[in-house]
Amino acid sequence: MRRGWEDLIFSFFLFSQHETVIPSELPLIQEVTTTLREWSVIWRQLYVQDNREMFRSVRHMIYDLIEWRSQILSGTLPQDELKELKKKVTAKIDYGNRILDLDLVVRDEDGNILDPEQTSTISLFRAHEIASKQVEERLQEEKSQKQNIDINRQAKFAATPSFALFVNLKNVVCKIGEDAEVLMSLYDPLELKFISENYLVRWSSCGLPKDIDRLHNLRAVFTDLGSKDLKREKISFVCQIVRVGRMELRDNNTRKLTSGLRRPFGVAVMDVTDIINGKNKSQQFHNCGFFYTTGLWVTLKLLPGDIHQIRKEFPHLVDRSTAVARKMGFPEIIMPGDVRNDIYVTLVQGDFDKGSKTTAKNVEVTVSVYDEDGKRLESVIFPGAGDEAISEYKSVIYYQVKQPRWFETVKVAIPIEDVNRSHLRFTFRHRSSQDSKDKSEKIFALAFVKLMRYDGTTLRDGEHDLIVYKAEAKKLEDASTYLSLPSTKIELEEKGHSATGKSMQNLGSCTISKDSFQISTLVCSTKLTQNVDLLGLLKWRSNTSLLHQNLKQLMKVDGGEVVKFLQDTLDALFNIMMENSESETFDTLVFDALVFIIGLIADRKFQHFNPVLETYIKKHFSATLAYTKLTKVLKTYVDNAEKCGITDQLFKAMKALEYIFKFIVRSRILFNQLYENKGEADFRESLLQLFKSINEMMSSNSDQTVIVKVCAFQICTLGPTQRHVQIIMENLLRTVNRTVISMGRDSELIGSFVACMTAILRQMEDYHYAHLIKTFGKMRSDVVDFLMETFIMFKNLIGKNVYPFDWVIMNMMQNKVFLRAINQYADMLNKKFLDQANFELQLWNNYFHLAVAFLTQESLQLENFSSAKRAKILNKYGDMRRQIGFEIRDMWYNLGQHKIKFIPEMVGPILEMTLIPETELRKATIPIFFDMMQCEFHSTRSFQRFENEIITKLDHEVEGGRGDEQYKVLFDKILLEHCRKHKYLAKSGETFVKLVVRLMERLLDYRTIMHDENKENRMSCTVNVLNFYKEIEREEMYIRYLYKLCDLHKECDNYTEAAYTLLLHAKLLKWSEEACAAHLTQRDGYQAATQGQLKDQLYQEIIHYFDKGKMWEEAIALGKELAEQYENEMFDYEQLSELLRKQAQFYENIVKVIRPKPDYFAVGYYGQGFPTFIRNKVFIYRGKEYERREDFEARLLTQFPNAEKMKTTSPPGDDIKTSSGQYIQCFTVKPKLDLPSKFHRPVSEQIVSFYRVNEVQRFEYSRPVRKGEKNPDNEFANMWIERTIYVTAYKLPGILRWFEVKSVEISPLENAIETMQLTNDKINNMVQQHLSDPNLPINPLSMLLNGIVDPAVMGGFANYEKAFFTEKYMHEHPEDHDKIEKLKDLIAWQIPFLAEGIRIHGEKVTEALRPFHERMEACFRQLKDKVEKQYGVRAIVSSLPISPFHNSWNFLKVQQLTIPV
C-alpha cells in the first residue's frame, strides 16, 4: 500500500511537469497543486542530502495533501465536512511552508489567499500578523511532545477553547462485600491537587450499580477543561472506593454492628496524559487497577467544546442523562448566560484528642449548611456528579486515627440570595463499631465558617484553620450560641485572643478546644466575588456615595476577576450611565471603565473572551441612550487630545474604538426599535461632529498625539478620495516618517507605523507628490530636510526590514510603493536641485545610495528563488531591479558637470548595481564606468582614483558572492569598445580594462575555490591573487591576502609556511619610527604606532611559528636581526636577554633533536578540467612528515576524485593537455643540496642534514632512455640518462608547500661533469668518516674503492673519453671546450682521493682480505699511471678538503639533463 502511494506521488509529479491548471478549478485545488510541485523539489533535495527526519516529515505532508486533494475533487463531501477539510488543508500548507522556510501565505476568513491589489495595506499587515501567529503556535505545538495534537483535532479545537473528557464506566471488577461509592476525578500529580469534581456511582454489594436502570449507561463528561489543562505535564484519572457498612469487614460476631459507616477501601490511578493531549485518540477500554486481578474498566475520549456543543455534536455519547462533572475552577471562557454559584469545600485534616478514651477516636465529620437563624438549608450539598443533592454529608471514618487526613471534596450550591446569611457547619462525632454504643455517642465538638465576609465579599479561596468549639450537644445545635464567635484562628487573633494556647479558652458558653481542623474552599461563582472593589461596583446602588471611588478602583482590579463577571460588570456600568442620564457626573468614568474592559479583551491573555463581548452586545446589551453619552465623551477626549493626561487615555480609547462604535450603533438600533427613528438628525450630527474632531486632531502638528494618530489611522477607514488622501498626507505623513526614524527595530509598534506610512504612500498619486512639495512653501531647506530624512529612512528600512523574510507579499507591496516614491522624489531632485545654484551634493549622494540599496536588497534577487516563486513575482511586480537601475543610469547622466563630485565615492555603489545578474541591466549600466573614467580624465588627466577604487571594491564584491564569467566578458567588451573610440583613453583605457579582467579571473577562481574543502587549492588561489596585487603594487590588498593565506596555514598546522607568509609582511616594514599606516595593521592583535614596533611584533610571532615548525635555523637568523635592534637601537636588554635564551635553545635543538626529512614530489596537472591556476602546470610538493608517495598520491586523488593517474613519467602530449578531462602525473624527486657559503670547512652531518631538505630550489629526476640505434661496439654510446632538473620559483619551504617549476633538457657533457663530481664527493665523504671514526666497518669502503678501480670500470670515465674526448666531438662542439677541460680536471682529482682511501683500507684490512687489497692496489696503480699520463698530477697538500670543486657548478641554471652512460 505504501509503495502504491509513492508511485502515485511520483506519477503525479511527473505528470505535473506538463499539467495545465484549469482556472475553473477551486482556488484551493490550484494552491494545493502548486504547493505539491514546490515541495516535491525540496523533497528530492532532502533525499540527496540524506536529511531523513525532514524527508519523512515532508513525505507525510505530501501524502496528506494528495489524499485531501482527491477528497475535495471527488465532490462527495457534505458542506460541513468540506469546510473542515479546507481548514485542514490550509493549516497543513501553512505549517509545511514554515518548516521548509518558504513564504508565509495570508488568507481571508474563508481560507482563500488574499489578493494584495484588492486589500488595504493595513488589512494586509494585520493578515500577516494573524497568519504568522497561527503558524508559530502550530509550530510550537508540533515541537512540543506534550502538545502532539493532530490536524483534525486542532481544526476543531481552534473553534473553541473548551474541552471535555468523556468517561464511560463499563465495570468495577472488585470484591468489596458491601455497598460502596465509586468516586472518579481528575488529578494533577505535580501540583498535588484534584482539578475536577467527583463523578459518583453507587455500587451494590452484589457487584452491580445500585440504580439498575443505569447498568449500561454509566457515563460522565469532565467539562470546562482549557488549553492550560492540555499543557499540564501530567494528568491522572483517580478512582476512590469508599465502602459503606460496618466498621470492620472481618468482624463477624453475633452482636449487632453499626451500619452505614463510610470507610476507605481502595484507590486506583491511571495516567491519562496521552489521552488529554491527543497522543491516544481512540475510544478503548482502560483498566484502572487496584490489584493485578481487580480494577475499573472505563472508556475515555477527549471531546472539543463546552457541554452545549458536545451535546449537539456528539449526541451518541452525551445526552441529558450523562453526568456532568465540572472543573473545580472557571473555564477559560465564561459565556453570557453561564450562571454558576458553586463553592467547593474540601475536608483536609484534623487532630483530635482521645479525651477519656484509651485509644484515638473514630472521628466522623458531618458537613451541613445553616442560615443565621439556625435553619438547615436542604439539598444544597453535592457529593459528586451523577448523584442527588443531600442536606448533610458525612465523612469517611479512619479507625482509631488521631490525625485523620480526608481530602474529601463536596460542592455546595446555595441560591445567591441566601449566601450572605449562610454558614458551613462541621460537627464531630465519635462512631463506635457496636450499634448500641454508637447510639449513645453525641456530638463532641463543632466548627463553622461563614460564606460571606464582613466586607460583603465571599469567603477567600484557600485553606482555613477553623476553631473547634466544645459545649453541650444541645447548645452546639443552636446557631446563636456560636455565630457571634470567631470561626477561624486568624479571626481569633484579630480579636486579641491567642490561637496557640495549650489550655482551653472560654468564649461565652463555648470552649475553644485544643483539637484542630482544617478545610479548604474554592468559590466558582459568576455572582459572588472575592474582590472588594469589584463588589462595590456590582452593588453600586447600595452606597452611591462610593460610586466615584468604585469606578476608579475597577481599573485596578485583576483582569481575570473582571472577565469572570463580564456581563454583570457591563450591566452595572451601563445601568450607572442610564440611571444618571440627566447628569454627566459619571459619564467619563464609565467610559474609561468601558475602555478598560475592552482593552482587557484585546489582551492576548483574554482574547478568547471576544465572542463573549460580541454575544453581550448582540443579545444582552440594552442601554438605549448609551450612544449619546459615549459619543459625547469620545468627542471631548479627541478635542482635548493635546492636553496633559488626556493623550494616554485617548490612545486607549482609539484602540477600543471598534467596540465603542459597536456599542454606539447597537444602542441607536435599540433606541430606533423603541422610538421609531426619533432624533435621527441629532444622531447623525453628533457623529459628523465627532469625525470632524478626529480629522482636526489628525491635522495637528503635535508630536504628543502621534501614537493616537497612527492608531486612529489604522482604525478609521476614510474613503480613498483625492481630498482625503491629501489631508492625511499633509498632516500625518511626515509625523509618521519621523516616528519610524526615531523608533528602534525592537519596538512592538514599528511594524504598524511602517504599515501606516506605506498605506499613505500607496494612496498618493502624482498630484499628491507635487502638492507635497508645495506644502513646504518657499523654504527650500524644509524640502531638503524632508527628502533627506525620507531617503535615510527608506534606506534603513530596506537594509533592515521590519518584517520577517517570509512576509513576501508585505515586503513586495512595500517595495512596490517605495519604488514609486523614490522615482517621484527623483523627479523632484531633477527639477529643484540640479542646476548650479541649487545643487545639493549630499541629497543626490543619499539618493544614489538609497537607489542602489533598493536594487541590491535580498528580497529582489530573483535568481535566488525557486522558479515558481520567481515566476509569481515577475508576473505580479516585474523585475523592479531593472526599473530602478535604468532610473539610476538616467539620473547619473543628468548630473552633467556635477559628476566629478561623485568620483570615486559612487564607484562602489555603481559597481554593486552592475554586478546584479540581469543582462539588460548590466549592459545599460556598465558604460557608467567609462563615463566616470572620462570625467576624471578631463579633470586630472588620469583616472587613477577611479582605478584604485574599482579594484578595491571589486575585490570585496566578488569575494562576497557577486560577479560571474558573463560579467567579466561584458565588462571587457563594453569598456573596450568605448575606450578604443576615445582619442586619449584608447591605450590607457585598454590597459586598465585588461588589468581588471585579469583581476576578475583570479578573484572568480578564488571565490570558487574558497568553497572547496581542499585547503591546498584555496592556498594556491590565494597566492595567485596576492601575487597579482604585488605585481600591480596594491600593497593594502596584498597584505589582506597574506593574512588570509596565513590563516589557512594555521588551520592546517603549517607553521613553517605561516611564518614565511608573515615574513613577507614584515619585509614591507622598516626599522624606523615612521608612523604605521592603517593598511599595515590589518589585524586587531597588533598594537603598534610605528613601523618598527609592528615589525618587532611580527618578528616575535614569526620566530614562534618557526620554532613550532622546527625551522630553528630560520628563527636564529631573524633573532640575530632582532637582537641587533634590541642591543643597539632600542636598548631593550630585558627583551634581548629573553631572545638570546631562545636562540641558545634553538642551537641546542639543531644538534640534538632528530628532525624528520620530508620527501618531495613532482605533480603535473594536465587537461582542461583543472582550474586555470594549476592547469597544464607542474609543481614540486613538499610532503608531510613520514609521508610516502603512495599516501601522497591517495591524498591528491581524494582532492580530485574524477582525475586519472598517469602511468608514465614522460611529459604528456597535446592530446592530454587539450582534453576536457583531468590527468595527474606524480613521482618522487630528489632535492639538490645547496649549502650556504659560510660552511667553508667540514661540519657535523646533523647541521648539514637540514640543508638537504630545506632551503632547496633545485630537484632532480633521472630515468634511462635510448636514443638512436644500438651501437654494437659501444652499448653506452646511445644509452642516455634523462635527468630533469626542476628549479622552483622560490625555495622550499616557503609561503606554500609547493611551487610551480620549469624544465629544460641539458647536454650529456654537463651531466658527466656532475656525475664525476658526485663520485669524487662520495669518496671524499667516506674517507672523512673513517678518519673521524677508526671503528667504522671497512666493507662499505672496500665496495666503493673496488667498484671504481676495477679494470671493467676504470674510474667510470672510459665512456666519457669515447664520447667527448674525440676529435669529432671537439670539432662539432667547440663551445664545450671549457667543460671538457673541467671534466678532465675532475678525472685527475679522483686519483688523490682514491689514494687516500686505499691507504686507509690498507691500514684497516684484515689478513683474510689482504689478497683482495693487494689486487685492488695493483688495479689502482694501472689507473693512476693512465690518468696522470693523460690528465696530469694532482696532490692534496694539507688536510683533505671537503672538495676543491664544491659548489663550483652552481652557475648551471639548467633543467633537462641527458647524458650517455
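Throughout, residue positions are numbered sequentially from 1 according to the sequence presented.
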Validation row, ring centre Phe574 to ring centre His620 under 6.0 Å
no
Correct closest heavy-atom pair for Asn198 and Ala325 would be O-CB, 4.3 Å
Could you walk me through whether Asp188 and Arg232 pass the salt bridge (Lys or Arg N to Asp or Glu O under 4.0 Å) test, one step at a time? CA-CA 8 Å; Asp188 187 326; Arg232 292 179 188 267; 2.6 Å; yes
query = With distance as the sole test, does Glu441 use its side chain to make a donor-acceptor pair with the main-chain N or O of Ser432 at under 3.5 Å?
reply = no
Query - Ile235 backbone acceptor or donor facing Thr273 side chain under 3.5 Å - result: yes
Show the numbers, then the answer: is there a side-chain contact (heavy atoms from CB on, under 4.5 Å) between Ile443 and Phe428? CA-CA 6 Å; Ile443 297 171; Phe428 306 98; 5.7 Å; no
4.5 Å side-chain heavy-atom contact, Tyr393 and Arg262: yes
Separation between OG (Ser436) and CG (Asp438), nearest 0.5 Å, reads 9.0 Å
- Item | Atom CD of Glu388 with >12 non-hydrogen neighbours under 6.0 angstrom | no
For the residue pair His423 and Phe448, does the interplanar ring angle fall in the parallel (under 30°), tilted (30 to 60°) or perpendicular (over 60°) class?
perpendicular
| Is there a side-chain contact between Asn362 and Gln400 (heavy atoms, below 4.5 Å)? | yes
*Look at the side chain of Trp203 and the backbone N and O of Lys210, then say whether any donor-acceptor pair between them is shorter than 3.5 Å.*
no
Do the non-hydrogen side-chain atoms of Ile275 and Leu165 ever get within less than 4.5 Å of each other? yes
*Kindly indicate whether the side chain of Leu466, heavy atoms from C-beta on, has any atom under 4.5 Å from the side chain of Phe426.*
yes
Criterion side chain to side chain donor-acceptor pair (under 3.5 Å) on Glu378 and Ser391, from CA distance to verdict: CA-CA 5 Å; Glu378 302 296 326; Ser391 299; 2.5 Å; yes
Original post:
Is the backbone N or O of Glu463 less than 3.5 Å from a side-chain atom of Ser520, with the two atoms forming a donor-acceptor pair by type?
Top reply: no
- Message: Do Arg320 and Thr322 have side chains that approach each other closer than 4.5 Å (heavy atoms only, starting at C-beta)?
- Response: no
Practice item. Check step by step if side-chain contact (heavy atoms from CB on, under 4.5 Å) holds for Val318 and Phe166. Key: CA-CA 8 Å; Val318 181; Phe166 171 75; 4.1 Å; yes
Checklist entry - Do we get Lys361 above Phe352's six-membered ring, with its NZ or CZ under 6.0 Å from the centre and within 45° of the axis? => result no
| Does the Thr258 side chain pair with the main chain of Ser433, one donor and one acceptor, at a distance under 3.5 Å? | yes
| request: Take Tyr199 and Val221 through the side-chain contact (heavy atoms from CB on, under 4.5 Å) test and state the conclusion after the steps. | output: CA-CA 9 Å; Tyr199 168 42; Val221 279; over 6 Å; no
*Could you walk me through whether Gln349 and Gln518 pass the side chain to side chain donor-acceptor pair (under 3.5 Å) test, one step at a time?*
CA-CA 5 Å; Gln349 63 185 359; Gln518 287 88 38; 3.2 Å; yes
Would you say that Ile195 contacts Tyr187 through its side chain, given a criterion of any heavy-atom pair below 4.5 Å between the two side chains?
no
Quiz item: Is Ser196 reaching over with its side chain to a backbone N or O of Leu186, donor-acceptor style, under 3.5 angstrom?
Solution: yes
Taken to the nearest 0.5 Å, the spacing of Glu364 CD from Thr427 OG1 works out to 8.0 Å
Rounded to the nearest 0.5 Å, the NZ atom of Lys394 sits from the CD1 atom of Ile381 at a distance of 10.5 Å
Heavy-atom nearest pair, Gly329 first then Leu522, reads N-CD2, 4.0 Å
When rounded to the nearest 0.5 Å, the distance separating CD1 of Ile467 from CZ of Phe517 is 13.5 Å
Are the side chains of Ile512 and Leu485 in touch, meaning some heavy atoms are under 4.5 Å apart?
no
May I ask you to decide if Phe222's main-chain N or O and Arg326's side chain share a donor-acceptor pair within less than 3.5 Å? no
Residues Tyr344 and Lys327: closest non-hydrogen pair is OH-O, 3.8 Å
Pairwise side-chain contact, Thr458 with Arg453, heavy-atom cut-off 4.5 Å (strictly under): no
- Do Lys514 and Asp351 meet the salt-bridge criterion of a basic N to acidic O distance under 4.0 Å? no
- Does Thr521 use its side chain to pair, donor to acceptor, with the backbone of Arg460 at less than 3.5 Å? yes
Review point. Do Asp179 and Arg202 meet the salt-bridge criterion of a basic N to acidic O distance under 4.0 Å?
Key: no
Self-check item: Test: Glu472 and Lys474 ion pair at under 4.0 Å
Solution: no
Query - Atom CD of Glu392: over 12 foreign heavy atoms under 6.0 Å - result: yes
Output for pair (Leu424 CG, Ile343 CD1), nearest 0.5 Å, gives 7.0 Å
Correct closest heavy-atom pair for Glu197 and Ser185 would be O-CB, 3.6 Å
Point to revise | Within 45° cone of Tyr370 ring axis and under 6.0 Å: Lys375 NZ or CZ | key: no
Only residue of Thr488, Val365, Val449, Thr409 satisfying side-chain contact (heavy atoms from CB on, under 4.5 Å) with Ile519 is Val449
In this structure, CD1 of Ile176 is separated from OG of Ser205 (nearest 0.5 Å) by 9.5 Å
Query - Heavy-atom donor-acceptor pair, Asn341 side chain to Ile414 backbone, under 3.5 Å - result: yes
I'd like to know if the side chain of Arg263 and the backbone of Arg246 have a donor-acceptor N/O pair within less than 3.5 Å.
no
Here the pair of heavy atoms bringing Lys354 nearest to Ala360 is CB-CA, 4.0 Å
Closest non-hydrogen atoms of Val523 and Leu459, given as atom of the first, atom of the second and distance, are CG2-O, 3.6 Å
**Item:** Stepwise side-chain contact (heavy atoms from CB on, under 4.5 Å) check, Asp515 with Phe444
**Value:** CA-CA 11 Å; Asp515 298 341; Phe444 67 82; 4.0 Å; yes
